[in-house]
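Bear in mind the structure is a predicted one, so any value in this text is a computation, not a measurement.
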Amino acid sequence: MTILSSFRIFPLHAVLVAALLTPACTALAQDAPAPKLAECADAPMIGRFDPSRDVLIANYDSKPDVDDLQAVAGLGSVLKHPDFACVDFIATSGAYGVQAGTYLPAAELFNLAFGDKWLDAHEDREASVDALARLMSKALQRGGKVWVAEAGQSDVTAAAVRKLREAKWRGIHIVQHSYWNESQTSPDAMNTLVYNTTYHRIQDGNFAGNGTPAFNTDDSSHWQPLLADERIGPIWAEAKRLSELHNPVAEYVNPAVEAGGLDFSDTVEIAYIFGFEDMEGVGDFVSRFAKAK
């Protein structure tokens with residue numbers, strides 16, 4: 001996929017979906033040094049992800065908890081690291097399911113984390129689903145895999161998958177860490193994905209000692225290095241501002257955020273895909289990604 005001057009899908013501009021049919025491998029991490037096409041074509045595996053042919057789709061519900069806001073900052077931090085410069089990706093805001101609660105808009109946060117490489121399913125679900133289906137199709141056509149990190153529910157993903165030929169569905173890898181997210185996905189969507197795609201259910205990223213990093217902590221000391229890093233600091237500053245704004249009045253008050261700590265637990269799916277799931281928790285993440293030069 002080539003870099004586009006404007007990738008985001010706006011309600012009245014669904015025509016941009018057609019632009020997603022371009023070849024992959026030049027969609028670069030924001031602010032990371034831009035490698036040459038040949039370098040991406042020969043890029044080594046990153047965990048389970050093949051940057052020469054795979055695509056990453058990161059879906060965020062942002063409803064009703066603020067943890068997605070910090071998970072956006074988590075992935076944004078990873079993608080700005082030079083080791084991930086060849087990762088072809090798109091993020092989706094408003095990829096929620098059947099749950100109640102208030103959607104938390106965060107356009108500036110998504111812009112800081114992903115540039116124009118994000119879709120707004122809250123504003124225009126149909127156009128976003130079409131865009132995701134086209135990205136999936138292109139990755140599969142070039143022999144790659146589609147990796148979907150579900151930071152929320154899977155209704156948007158299922159809608160995109162259904163637009164593809166069923167013979168292609170197994171090439172789509174869904175990664176989910178939360179039973180609550182599954183319970184708030186419509187039954188039809190869950191059945192489509194669990195039984196027809198390649199579904200990876202991993203351990204919950206809110207808890208330690210289960211084989212998945214615990215990206216949830218009451219410890220406020222980690223904020224300092226995150227905010228101080230000149231590349232990722234602005235992303236975390238906006239995530240912190242939004243978290244502190246919305247958490248006190250959210251339908252679910254996040255206890256880690258209330259204590260001044262962090263909850264970007266949905267980033268464990270990214271850790272699984274990119275092969276750093278051996279991290280213990282927040283401290284390991286900060287040590288790797290907040291010090292990148």
Side-chain angles (χ1 to χ4, degrees), residues 1-17 19-20 22 26-34 55-63 65-82 84-96 102-125 127-132 135 148-152 156 223 226-247 257 262-264 266-267 269-270 289-290 292:
M1 178 168 50
T2 55
I3 297 176
L4 305 176
S5 60
S6 180
F7 196 92
R8 183 180 167 197
I9 300 298
F10 291 92
L12 299 179
H13 295 81
V15 67
L16 291 178
V17 174
L20 303 181
T22 50
T26 55
L28 306 177
Q30 299 295 317
D31 297 340
V55 66
L56 171 69
I57 296 173
N59 291 332
Y60 299 92
D61 60 337
S62 300
K63 176 184 178 182
D65 186 7
V66 299
D67 64 339
D68 271 19
L69 304 175
Q70 297 189 9
V72 167
L75 177 56
S77 300
V78 173
L79 292 174
K80 288 184 185 295
H81 192 289
F84 299 84
C86 285
V87 170
D88 186 8
F89 74 94
I90 189 69
T92 311
S93 177
Y96 44 74
T102 302
Y103 168 70
L104 306 177
E108 180 59 20
L109 175 62
F110 275 78
N111 287 336
L112 288 167
F114 309 124
D116 289 325
K117 294 180 60 59
W118 64 280
L119 308 173
D120 193 338
H122 177 73
E123 290 292 336
D124 197 331
R125 197 176 185 94
S128 296
V129 167
D130 286 345
L132 292 174
L135 279 173
V148 183
E150 298 283 31
V156 166
W223 277 111
L226 291 171
L227 296 172
D229 186 288
E230 62 182 14
R231 287 192 305 176
I232 67 174
I235 309 174
W236 285 101
E238 179 65 3
K240 190 173 190 290
R241 183 188 73 81
L242 291 172
S243 297
E244 292 174 350
L245 173 68
H246 292 298
N247 196 56
V257 174
L262 294 115
D263 180 358
F264 54 101
D266 291 311
T267 310
E269 293 147 2
I270 300 301
F289 294 108

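- The aromatic rings of F84 and F289 sit tilted, their planes meeting at an angle between 30° and 60°.
- The backbone N or O of F89 lies less than 3.5 Å from a partner atom in the side chain of K117, making a donor-acceptor pair.
- In this pair, Y103 and H122 present their aromatic rings parallel. The plane angle is below 30°, not in the 30 to 60° band.
- Distance check, rounded to the nearest 0.5 Å: CD of Q70 to CD of E238 gives 12.0 Å.
- For the pair I270/L56, a side-chain contact is recorded, criterion being any heavy-atom separation below 4.5 Å from C-beta on.
- We find the CG-CG distance between L69 and N247 to be 9.5 Å, quoted to the nearest 0.5 Å.
- Formation of a donor-acceptor pair under 3.5 Å by the D263 side chain with backbone atoms of D67 is not found in this model.
- The CG atom of L242 lies 8.5 Å from the CG atom of L104; values are rounded to the nearest 0.5 Å.
- With rounding to the nearest 0.5 angstrom, the NZ atom of K80 is 7.5 Å from the CG atom of L112.
- In this structure, the side chains of D120 and F110 stay at 4.5 Å or more apart for every pair of heavy atoms.
- Note that CG of L119 and CD1 of I90 are 4.5 Å apart. Values are rounded to the nearest 0.5 Å.
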For this session: Quick one: do L132 and V148 satisfy side chain to side chain contact (heavy atoms under 4.5 Å, CB included)? Show the steps, please.
Result: CA-CA 10 Å; L132 292 174; V148 183; over 6 Å; no
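- Between A239 and A73 the shortest heavy-atom distance is CB-CB, 4.0 Å.
- Rounding to the nearest 0.5 angstrom, the gap separating the CG atom in D68 from the CG atom in D65 is 7.5 Å.
- Taking every heavy atom of both residues into account, G74 and T267 meet most closely at CA-OG1, 4.1 Å.
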For this session: Check the pair L109, W118 against side chain to side chain contact (heavy atoms under 4.5 Å, CB included), reporting the backbone distance first and the verdict last.
Result: CA-CA 11 Å; L109 175 62; W118 64 280; over 6 Å; no
Problem set entry | Criterion side chain to side chain contact (heavy atoms under 4.5 Å, CB included) on F114 and V72, from CA distance to verdict | CA-CA 9 Å; F114 309 124; V72 167; 3.6 Å; yes
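- In this structure the side chain of V87 never reaches within 4.5 angstrom of the side chain of V78, judged on heavy atoms.
- Put simply, the side chain of D88 never gets that close to the backbone of V55: no donor and acceptor are under 3.5 Å apart.
- With sequence neighbours left out, the side chain to side chain donor-acceptor pair (under 3.5 Å) criterion links E244 to K240.
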